[in-house]
Amino acid sequence: MPRRHRLGFMWRTLWVALGAAALWPHAASAQGARAVEEFYRGKTGTMIIYTPAGGTYDIYARLLIRHFSDHLQGGAKFIPKNMIGAGGITAARYLYLGAAKDGLTIGTIGRGLPFEPMLGGGQTIDFDPITFTWLGSMNKESSLAV
């Protein structure tokens with residue numbers, strides 16, 4: 001095979017290999033996205049809200065779940081469930097210890113909850129609030145403990 005043809009073959013092989021390598025992660029992520037979509041399709045989740053109905057966090061949570069399914073692959077619908085008590089510790093305890101860890105139960109908890117064990121507000125907490133996975137916030141505020 002002449003040198004010119006070998007170089008052309010090498011370049012074509014290199015481009016095919018680079019193209020395959022570039023598409024590989026997309027194929028894997030597409031497969032993962034399909035699995036997520038299949039998991040959430042047709043399911044109903046629960047949004048645990050630690051405040052009474054009509055409160056600020058209740059309004060935020062209900063507004064969020066109204067539009068959340070539009071952005072969730074599979075379009076699972078979420079229903080609100082108010083779980084008040086102990087300044088939000090009841091809802092947080094349920095989310096941490098009682099709720100299934102399957103992605104169909106999410107909730108709102110107060111920003112000050114992670115500080116509760118440090119501040120010792122008289123509440124006995126049998127879970128670690130710092131280990132929650134924070135998905136985000138609909139408002140911006142800063143907490144300060146002195």
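Bear in mind the structure is a predicted one, so any value in this text is a computation, not a measurement. All values below come from the heavy atoms of this structure, side chains included, with hydrogens, waters and symmetry mates left out.
- Applying the side-chain contact (heavy atoms from CB on, under 4.5 Å) rule to E37 yields the partners R41, Q73; only residues at least two apart in sequence or on another chain are considered.
- Residue pairs meeting the side-chain hydrogen bond (donor to acceptor under 3.5 Å, both in side chains) criterion with at least one member in residues 84-94, sequence neighbours excluded, are R93-D126.
- Taking CE of M83 as the start and CD1 of I89 as the end, the distance is 14.0 Å to the nearest 0.5 Å.
- No side-chain heavy atom of Y60 sits under 4.5 Å from any side-chain heavy atom of T108.
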Side chains of residues 42-55: which donor-acceptor pairs under 3.5 Å do they make with residues two or more places apart or in other chains?
from : atom 1 : to  : atom 2 : distance (Å)
K43  : NZ     : F39 : O      : 3.2
T51  : OG1    : D58 : N      : 3.3

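- In this structure, S69 and A76 approach most closely via the heavy-atom pair CB-O, 2.8 Å.
- Linking Ile, Leu, Val, Met, Phe, Trp and Tyr whenever their side-chain heavy atoms come within less than 4.5 Å puts F78 and L135 in one cluster.
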Tell me, with the steps shown, if L104 and Y40 meet side chain to side chain contact (heavy atoms under 4.5 Å, CB included).
CA-CA 8 Å; L104 289 172; Y40 283 111; 3.8 Å; yes
For W134 and I109, run side chain to side chain contact (heavy atoms under 4.5 Å, CB included): C-alpha distance rounded to whole Å, both residues' side-chain angles, the deciding distance at 0.1 Å, then the answer.
CA-CA 10 Å; W134 295 88; I109 60 175; 3.8 Å; yes
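- The shortest non-hydrogen separation linking L95 to G107 is CD1-CA, 3.9 Å.
- With rounding to the nearest 0.5 angstrom, the CG atom of L64 is 6.0 Å from the CD1 atom of I106.
- Partners of D128 under the side-chain hydrogen bond (donor to acceptor under 3.5 Å, both in side chains) rule, at least two apart in sequence or in another chain, do not exist in this structure.
- Taking the ring pair (Phe, Tyr, Trp, His ring centres under 6.0 Å) definition, one finds that F132 meets it with Y96, sequence neighbours left out.
- In this structure, the side-chain contact (heavy atoms from CB on, under 4.5 Å) partners of L63, at least two apart in sequence or on a different chain, are H67, M138.
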